[in-house]
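Structure first, commentary second.
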Amino acid sequence: VQLQASGGGLVQAGDSLTLSCAAPTRTFNRYALGWFRQAPGKEREFVSAISWSGGSTYYADSVKGRFTISRDNAKNMVYLQMNSLRPEDTAVYYCAAVGRDTYGWPYNYDYWGQGTQVTVSS
């Protein structure tokens, strides 16, 4: 499945931003989805994940309470609403997909989109 992330940009600390990820596939609801990020000089890290139905969500401790993941299976879209952004949230954000009920979820994925840059200035 192909994934295309968008919505990144340059914002100030405390601002909000919503990332979107499109997956033009008729089998979208067969995939669990996730968001990861990678800051310069750092390893890619898990941010959030959502099950195929949207009934289960997971968050990294660093974003819990500030970020919200959601999906719209009718539109083949997954979103990451980011509030109260901090400079340490600066990174390239990637969306990813894996077949539902795959062992290792929410941390292991088979499909990755290109990243979208989020820069938070202090």
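A distance-only check finds a donor-acceptor pair linking the side chain of D15 to the backbone of Q12 [under 3.5 Å]. Panel note: side chain Y94, backbone T116; no donor-acceptor pair is recorded below 3.5 Å. Checking side-chain atoms of T57 against main-chain N and O of T68 turns up no donor-acceptor pair under 3.5 Å. The backbone N or O of T25 sits less than 3.5 Å from a side-chain atom of N76, completing a donor-acceptor pair. Formation of a donor-acceptor pair under 3.5 Å by the Q114 side chain with backbone atoms of A5 is found in this model.
Interatomic distance, S16 OG to Q81 CD, rounded to the nearest 0.5 Å: 5.5 Å. Annotation: the span from Y31 atom OH to L3 atom CG amounts to 9.5 Å, rounded to 0.5 Å. For the atom pair CD1 of I69 and SG of C95, the computed distance is 9.5 Å after rounding to the nearest 0.5 Å. How far CE of M77 is from SG of C21: 7.5 Å, rounded to the nearest 0.5 Å. L80 contributes atom CG, which lies 7.5 Å from atom OH of Y59 (distance to the nearest 0.5 angstrom).
Contact annotation: the side chain of F46 approaches that of Y58 to within less than 4.5 Å [non-hydrogen atoms, C-beta and beyond]. In this structure the side chain of L85 reaches within 4.5 angstrom of the side chain of L17, judged on heavy atoms. At least one side-chain heavy atom of L19 sits less than 4.5 Å from a side-chain heavy atom of V118.
The aromatic rings of F67 and Y93 sit tilted, their planes meeting at an angle between 30° and 60°.
Environment of CZ in R30: sparse, with no more than 12 heavy atoms of neighbouring residues, nucleotides or ligands closer than 6.0 Å. Under a cut-off of 6.0 angstrom, the local environment of CD in Q117 is crowded, with over 12 non-hydrogen atoms contributed by other residues, nucleotides or ligands. Residue K64 qualifies as enclosed at atom NZ: its count of foreign heavy atoms under 6.0 Å is above 12. Other residues, nucleotides and ligands place no more than 12 heavy atoms under 6.0 Å from the CD atom of Q2.
Between R86 and D89 there is no salt bridge, since no side-chain nitrogen of the basic residue lies less than 4.0 Å from a carboxylate oxygen of the acidic one.
In this structure, S62 and R37 approach most closely via the heavy-atom pair OG-NH2, 3.4 Å. Closest non-hydrogen pair, V63 versus V47, comes out as CG2-O, 3.6 Å.
Taking the ring centre of F28 as origin, the terminal cationic atom of R71 falls inside the region bounded by 6.0 Å and 45° from the ring axis.
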